[in-house]
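All chains are named by letter (A, B, ...) in the order of the sequence lines, taking the proteins before the strands, and each is independently numbered beginning at 1.
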Protein chains: 2
Amino acid sequence: MLGMARAATTADAFNAVAEPRRRQILDLLAGGERPVNDLVAQLHLAQPVVSKHLRVLREVGLVGVRDHGRQRLYRLEGQPLKPIHDWVKNYERSWSQRFDRLDVVLEELKENKEEHDGDDK
Amino acid sequence: MLGMARAATTADAFNAVAEPRRRQILDLLAGGERPVNDLVAQLHLAQPVVSKHLRVLREVGLVGVRDHGRQRLYRLEGQPLKPIHDWVKNYERSWSQRFDRLDVVLEELKENKEEHDGDDK
DNA sequence: TTGACATATGCCGATATAGGTATATAATGC
DNA sequence: GCATTATATACCTATATCGGCATATGTCAA
């Protein structure tokens, strides 16, 4: 298999969210369900561009859609962001003074793991 | 400027870290300073590939280097991950039952938006 | 039906990515 | 000096991204 390129934007939440416009879209949807034109207006982007970004977000499960008359209402679906959160969280001590006692950090990580185990469906 | 493509991998920590190999490298460096060949051995990747990934990580400030004889010792520099952490943190409630206070979340997002507005251009 | 509105999709061009192979640079030891 | 080790860089190819523009699909209203 020769000529592999960058992973698809739809491969991952990591890849989908690397695009700043897509993050902006999620930030707007965090305020609640919105039709495409609302996003177009707030982002100062052409409508087709927004529709394409929404497609990517839909393919990684970061947004859901619902038909409402001639509009399509998009909503946030945050679950796919959890892996990102879980991954970066382990690096918190590398920028925060609060996490410079290794023993404490490890203890917190362990506690957190247990909480998360309880969260699971 | 026509024909803009995906943002450079070196544009952002977001983009740099979208590549899974690069995340693996950081995970290994979290265990401490390591020479390139150590990483090559653990990742089962060709040496030039690893060197290129390290270059990307260096350009976004996620790793630092230090010469040691003929080796180059790479180390983790986590600060550039903070923006990622800060961003995803606001979405925690969308997957965790523990974060269901909408008002708090919205307030946090608003603060974040003001930061982003400075980014423009 | 016809037309206005809302959204999705098609095609285009410029860019740059990841990995591969070969080679350059650099430090060490004899 | 020369060979060996450690790492970086150059060049290649296949892929796919983002935005622009034109068009298709779909829904409502008179």
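- Of the two residues near DNA chain D, A:Glu19 and A:Gly69, the one whose nearest nucleotide lies more 5' is A:Glu19.
- Rounded to whole Å, the distance from CG on A:Asn15 to P on D:dT15 is 18 Å.
- In this structure, A:Leu43 and A:Leu28 have side chains that are in contact, with non-hydrogen atoms separated by less than 4.5 Å.
- Side-chain atoms of A:Tyr91 and B:Leu26, non-hydrogen and from C-beta on, do get closer than 4.5 Å to each other.
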Sort me out a list of protein N/O and nucleotides 7-10 of chain D N/O pairs below 3.5 Å, or just none if empty.
residue	atom	partner	partner atom	Å
D:dT7	OP1	B:Val36	N	3.2
D:dT7	OP1	B:Arg72	N	3.4
D:dT7	OP2	B:Asn37	N	2.9
D:dT7	OP2	B:Asn37	ND2	3.2
D:dA8	OP1	B:Arg72	NH1	3.2
D:dA8	OP1	B:Tyr74	OH	2.4
D:dA8	OP2	B:Ser51	OG	2.7
D:dA8	N7	B:Gln47	NE2	2.7
D:dA8	N6	B:Gln47	OE1	3.3
D:dA10	N6	B:Lys52	NZ	3.4

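- In this structure, B:Arg34 places its CZ atom 16 Å from P of D:dA6, rounding to the nearest Å.
- Side chain of B:Arg22 to backbone of B:Val17: no donor-acceptor contact under 3.5 angstrom is found.
- In this entry the distance linking CG of A:Leu45 with P of D:dC18 reads 12 Å, nearest Å.
- No continuous path of hydrophobic side-chain contacts links A:Val56 to B:Val88 [ILVMFWY only; heavy atoms under 4.5 Å].
- Between the OG atom of B:Ser94 and the NE2 atom of A:His85 there is a distance of 10.5 Å, given to the nearest 0.5 Å.
- Taking only side-chain nitrogens and oxygens, B:Arg6 never comes nearer than 4.0 Å to OP1 or OP2 of D:dG19.
- Rounded to a whole Å, the CG atom of B:Leu43 is 15 Å from the P atom of C:dA18.
- Distance CZ (B:Arg21) to P (C:dT17): 17 Å, rounded to an integer number of Å.
- Here B:Glu33 pairs with B:Arg66 under the side chain to side chain donor-acceptor pair (under 3.5 Å) rule; sequence neighbours left out.
- Between B:Phe14 atom CZ and D:dT17 atom C1' there is a gap of 19 Å when expressed in whole angstrom units.
- For the OP1/OP2 pair of D:dG19 and a distance below 4.0 Å, the side-chain nitrogens and oxygens of A:His53 include at least one atom meeting the criterion.
- As a whole-Å value, the separation of B:Arg66 CZ from D:dA6 P is 17 Å.
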